[in-house]
Amino acid sequence: AGYGTGAIYGIAVDSSPDVYVSDSISNTVKKFNSSGTELLTFSGYTFSAPYGLAVSPKTGYIYVADSGNNTIAYFNSSGTYQATFGTAGAGNGQFNSPKDIAIDSAGNFYVADTGNNRVQKFDSNMTYVSQWAYSSVSGVAVDNLGNTYVAAPSTGKISKYDSSGTLIHDFANGVVGSISEGLGMDVDSSGNLYLANLSNSTNSINQYGVLKFNRANIVKSGTLTLGGSSTTNISTVTNVPMNIGSVTLDNVGLTGNGDV
């Protein structure tokens, strides 16, 4: 199945399972069924470089990190605009080019506030709770134990935090090798972490595709190659993996609801 073309960054899946995809160049978010048939385009709102997506386990709303508008926009499953939360700025609850969003089982929101070099946490009512610094953060995911995972291309590593934002440990960098472009990521129901890695042949992981880490987050336990191989120069590769959600990607076995 294919889910559109263009600058595909965000992908998320609901319980149907229908698939939601953001395109940061055409400034659209589209809904597909599990066979890849386009169902609708989100309406009632003008996106500016939409990136990460997440589906709320409580309301079924789809939340979009709208980086160009410095806000989080949310929609019902029919693609109809509901509202936004967060405005442009550097204060609590404000954003500067947010690139990703995750939602835990309690309905708390975690936003990769990229331009402000931090992750912000909000409760289920979208009220600001806390934040922690992270340089150039681009990806955020939450597991079913409430741990938060954060990635940034500039650091070449992934960091794991507990539910209060206390660092547990860093991994990838210096353990299985640096990641050159750790972008979107998600966690499955077994605690495996999947990272969309935009890499090249000089990288010590040396893999372009989706990297899989086990729950211990020490060993790279597998690789799901999408659109290229470890010997392919990045300039020749199409279908660059930018983000992953809780969805099966073309039968490579990437399943599980990692946002809850």
Side-chain angles (χ1 to χ4, degrees), residues 2-34 36-104 107-116 118-128 137-142 183-184 186 242-247 259-260:
Y3 298 102
T5 59
I8 305 300
Y9 187 98
I11 183 168
V13 64
D14 64 20
S15 59
S16 297
D18 290 326
V19 179
Y20 303 87
V21 175
S22 66
D23 184 330
S24 61
I25 289 186
S26 68
N27 293 311
T28 57
V29 175
K30 296 180 180 292
K31 179 179 180 178
F32 300 81
N33 65 20
S34 58
T37 300
E38 183 178 328
L39 302 177
L40 57 86
T41 299
F42 281 24
S43 61
Y45 178 84
T46 301
F47 290 107
S48 177
Y51 277 71
L53 308 174
V55 179
S56 169
K58 293 187 173 296
T59 66
Y61 285 167
I62 300 88
Y63 291 79
V64 183
D66 188 14
S67 65
N69 286 322
N70 301 301
T71 193
I72 304 298
Y74 57 101
F75 302 76
N76 64 20
S77 59
S78 297
T80 303
Y81 171 70
Q82 303 298 299
T84 61
F85 77 90
T87 58
N92 295 345
Q94 294 185 311
F95 303 118
N96 181 0
S97 188
K99 291 293 177 63
D100 204 5
I101 183 170
I103 308 172
D104 67 21
N108 297 305
F109 298 88
Y110 302 81
V111 178
D113 188 9
T114 307
N116 286 323
R118 63 185 178 180
V119 175
Q120 294 197 71
K121 179 179 179 179
F122 301 81
D123 67 18
S124 58
N125 295 316
M126 294 166 283
T127 301
Y128 170 82
V137 55
S138 63
V140 61
V142 185
L183 297 170
D186 208 348
M242 299 296 281
N243 204 348
I244 51 181
S246 47
V247 61
D259 287 331
V260 301

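Both backbone and side-chain heavy atoms feed into the values below; hydrogens, waters and symmetry mates do not.
- For Asp23 (side chain) and Asn27 (main-chain N/O), no donor-acceptor pair under 3.5 Å exists by modelled atom type.
- Between the CG atom in Asn125 and the CZ atom in Phe122 there is a gap of 12.5 Å [rounded to 0.5 Å].
- With Asp113 contributing its side chain and Asn96 its backbone, the two residues share a donor-acceptor pair below 3.5 Å.
- Residues Phe75 and Phe47 place their aromatic rings such that the two centres sit under 6.0 Å apart.
- Remark: Ser78 OG to Lys31 NZ distance equals 6.0 Å, nearest 0.5 Å.
- Neither side chain, Asp123 nor Tyr128, offers a donor N or O lying under 3.5 Å from an acceptor on the other.
- Here the two rings, on Phe109 and Phe85, have centers that are under 6.0 Å apart.
- For the residue pair Ser67 and Ala49, the shortest heavy atom distance occurs at OG-O, 2.6 Å.
- Because its NZ or CZ atom is both nearer than 6.0 Å to the ring centre of Tyr51 and within 45° of the ring axis, Lys99 counts as a cation-pi partner of that residue.
- Not one N or O on the side chain of Arg118 forms a donor-acceptor pair closer than 3.5 Å with the backbone of Val137.
- Atom-to-atom distance recorded for Lys58:NZ and Asp104:CG is 9.0 Å, nearest 0.5 angstrom.
- Separation of the Phe42 and Tyr63 ring centroids does not fall under the 6.0 Å cut-off.
- A donor-acceptor distance shorter than 3.5 angstrom exists from the side chain of Gln120 to the backbone of Gly93, with no hydrogens or angles considered.
- The minimum heavy-atom distance between Phe95 and Gly86, with the atom names listed, is CE1-CA, 3.6 Å.
- Under 3.5 Å, the side chains of Thr28 and Ser26 contain a donor-acceptor pair of N or O atoms.
- Here the closest non-hydrogen pair linking Val140 and Tyr110 is CG1-O, 3.7 Å.
- Of the possible donor and acceptor atoms, none in the side chain of Ser124 sits under 3.5 Å from a partner among the backbone N and O of Gly107.
- Scanning all heavy atoms of the two residues, the minimum distance from Asp100 to Ala65 falls at N-CB, 3.8 Å.
- Judged by distance alone, the side chain of Gln82 and the main-chain N or O of Ile62 form no donor-acceptor pair under 3.5 Å.
- If you check the side chains of Tyr20 and Asp14, you find a donor sitting under 3.5 Å from an acceptor.
- What you find for Ser22 and Gly10 is that their closest heavy atoms are OG-N, 2.8 Å.
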Evaluation steps, side-chain contact (heavy atoms from CB on, under 4.5 Å), between Val64 and Tyr45: CA-CA 11 Å; Val64 183; Tyr45 178 84; over 6 Å; no
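- Here the side chain of Lys121 pairs no donor or acceptor atom with the backbone of Asn108 at under 3.5 angstrom.
- Looking only at distances, a side-chain donor or acceptor of Thr59 sits under 3.5 Å from a matching main-chain atom of Tyr61.
- For the pair Asn70 (side chain) and Gly89 (backbone), a donor-acceptor distance under 3.5 Å is absent.
- Not a single donor-acceptor pair under 3.5 Å links the side chain of Asp66 to the backbone N or O of Ile72.
- Shown here for Ala112 and Gly139, the closest heavy-atom pair between the two residues is CB-N, 4.4 Å.
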